[in-house]
Amino acid sequence: MKTMKLKSLLVGVAFALGLIALPLQAGVVVIGHASNSDSLDGKQIARIFLGKATKFPGGTKAKPVDQVPGSAARTDFYNKVVGKDEAKVKAYWNQRIFAGKGKGRPEEIGDGAAVKNWVSSHPEAIGYIDSSLVDSSVKVLFSAE
Amino acid sequence: MKVRDIKAFRVTVTFLLALPMTALANDDLSINGFLSVGASKSDADAVYYEGIVDEISFEPDTVVGVQLSAPVTETVSFTTQLLASGNKDTYDLAADWAYADFSVGENTSIRAGRVKLPVFMASEYLEVGAAYPWVRPPEEVYAVVPVSAFSGVSARYTGNFGNFDFSIEPYYGSHTESIPQPTGVLSTSVKEFAGASLTLGNDVFTLRAGGLQGQLTIPEVGVDDEELSLFSVGARIDWENVLIMSEYASRDIPGIIPDSEGWYAMLGYRAGKFLPHVTVAQLDTDEVTPLAQKQKSTTVGVQYQLNHAALLKVEWKNIELQEGSAGLFSTLPSDDKVSIFSASIDLTF
């Protein structure tokens with residue numbers, strides 16, 4: 001009985017901590033160059049990251065960049081914004097690349113800081129980072145709930 | 001695999017793996033590779049399809065390839081795919097396809113050279129195991145058109161309406177290939193063939209249909225410049241955790257090679273890293289000839305994602321030969337019910 005209580009107490013504490021931590025651990029946001037004046041919805045972003053659109057809605061060239069596999073922001077971005085998990089996205093690109101339709105595949109840049117850095121210096125860039133990393137060097141184009 | 005083959009294979013793999021290191025110096029060159037190591041074993045006393053026998057063999061499902069793509073100008077690029085495949089006698093490198101791609105405006109491109117025949121859902125990535133859930137796509141359909149590339153030109157126009165993307169790919173060319181058949185090797189050549197394929201899809205649903213016509217010559221069986229036609233249609237639904245795929249193909253061929261039609265239907269379910277699937281398939285013909293290929297099969301398999309780059313696949317295929325036909329076996333096996341076990345590791349880099 002005692003262990004049971006202790007366990008549920010621990011679970012409760014962990015849960016409470018999780019609840020407290022939740023607002024601090026913010027979601028993923030899609031970022032562009034500070035000069036980017038486009039407004040995009042999730043579908044338009046998904047089309048750019050799947051190589052189906054090569055331009056921003058305003059008509060300028062768009063270059064999507066990825067974080068490295070395994071990053072939490074990448075998992076979040078593909079699940080919440082693109083609407084496909086990473087396994088599906090990987091299978092999708094395997095089919096496109098080896099069919100000779102791999103143009104427009106996002107380039108892997110690095111972690112969130114590296115992506116922010118890259119986007120801040122490339123006007124055509126579109127990437128995603130954890131919202132806690134956002135600063136004035138980039139512009140938030142979309143934020144995933 | 002013979003020791004000599006394994007050595008040659010190792011050398012090839014080492015060469016292919018070393019290639020990116022030296023070539024990466026050029027920023028614009030894109031390099032993608034794939035490797036499938038597959039093993040299969042049947043319980044039949046006859047050779048099945050691309051060399052599956054009653055002892056464990058690696059040849060039929062082992063392949064390594066590298067695709068190089070380089071821009072020549074703003075609108076022209078060059079792409080080649082080098083393949084070393086186990087079902088050839090040696091692991092010699094061959095350029096499976098090599099073409100120049102010309103962009104004409106934003107939605108149209110023209111390819112010239114050795115291009116893939118865009119007939120089936122998986123035509124363009126047949127050798128890339130990591131692009132589909134089976135160890136090999138159902139041969140009941142894919143053997144109906146045993147040709148995957150040709151010399152000629154193809155155009156591709158892409159567009160979209162609403163959430164649907166579509167592409168239209170007309171093509172024209174010729175093809176010469178020695179195709180092994182139960183009766184011996186056939187020196188097949190198809191001249192002046194023309195075809196088109198239409199692909200339509202959104203996030204969940206993809207539909208592809210295509211047809212082609214050409215003039216076929218096979219001296220060994222007395223076919224001289226006679227008309228050949230092919231038709232195929234396929235659909236894929238990739239919705240939430242459910243994956244459904246189905247394809248149908250038919251061929252109309254002059255001479256003693258039978259007109260045939262094949263179909264399959266596959267249901268899969270994504271459960272985390274696992275993708276279990278079941279496929280039923282049939283290859284059939286109305287013609288009564290010793291060459292008639294008639295078989296039904298059920299395949300049960302699972303794909304497991306080892307990591308970001310690699311998949312492990314295991315599958316068990318149960319074939320029932322129909323009406324005394326040898327199906328896709330080279331000779332008639334003594335039992336008309338055959339099981340084949342296959343496993344592979346497929347990766348891309």
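Per chain, numbering begins at 1; letters A, B, ... match sequence-line order. For the numbers below, each heavy atom of this structure counts, side chains included, while hydrogens, waters and symmetry mates do not. Source: prediction; values computed, not measured.
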*Decide yes or no on side-chain contact (heavy atoms from CB on, under 4.5 Å) for A:Arg105 and B:Asn32, but give the supporting numbers first.*
CA-CA 12 Å; A:Arg105 185 168 68 134; B:Asn32 297 98; 3.3 Å; yes

_Under the criterion side-chain contact (heavy atoms from CB on, under 4.5 Å), I'd like the reasoning laid out for A:Trp93 against B:Thr348: C-alpha separation, chi angles, the key distance, then a yes or no._
CA-CA 10 Å; A:Trp93 280 112; B:Thr348 53; over 6 Å; no

_Between A:Lys103 and B:Ser103, is the side-chain contact (heavy atoms from CB on, under 4.5 Å) condition met? List the steps._
CA-CA 12 Å; A:Lys103 246 186 196 173; B:Ser103 293; 3.9 Å; yes

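The residue among B:Gln67, B:Glu240, B:Lys273 with the most heavy atom pairs within less than 4.5 Å of chain A is B:Gln67. For chain A, the option among B:Val128, B:Leu243, B:Leu126 with the highest count of heavy-atom pairs below 4.5 Å is B:Val128.
Applying the salt bridge (charged side-chain N to carboxylate O under 4.0 Å, His left out) test to pairs two or more places apart or on separate chains, those with a residue in residues 115-128 of chain B are A:Lys101-B:Glu124, B:Asp96-B:Lys116, B:Lys116-B:Glu127, B:Glu124-B:Arg208.
Listed here is the closest heavy atom pair of A:Gln95 and B:Ala131: NE2-O, 2.9 Å. Contact detail for A:Phe98 and B:Trp97: the closest heavy-atom pair is O-CZ2, 3.0 Å. For A:Lys84 against B:Asp203, the heavy-atom pair with the smallest separation is NZ-O, 3.4 Å. Residues B:Gln305 and A:Ala87 share a closest heavy-atom pair of OE1-CB, 3.2 Å.
Listed in order of number, the residues of residues 154-168 of chain B that approach chain A to under 4.5 Å between heavy atoms are B:Arg156, B:Asn160, B:Asn163, B:Asp165.
You'll find the side chain of B:His308 stays beyond 4.5 Å of the side chain of A:Val68, heavy atoms only.
Under the side chain to side chain donor-acceptor pair (under 3.5 Å) criterion, B:Tyr172 pairs with no residue, sequence neighbours left out. For A:Lys88, the side chain to side chain donor-acceptor pair (under 3.5 Å) partners are B:Asp238, not counting sequence neighbours.
Annotation: the span from A:Asp85 atom CG to B:Asn241 atom CG amounts to 8.0 Å, rounded to 0.5 Å. Going from atom CG of A:Asn94 over to atom CG of B:Leu347 covers 10.0 Å, rounded to the nearest 0.5 Å.
Residue contact with chain A, scored on non-hydrogen atoms closer than 4.5 Å, involves the side chain of B:Tyr99 exclusively.
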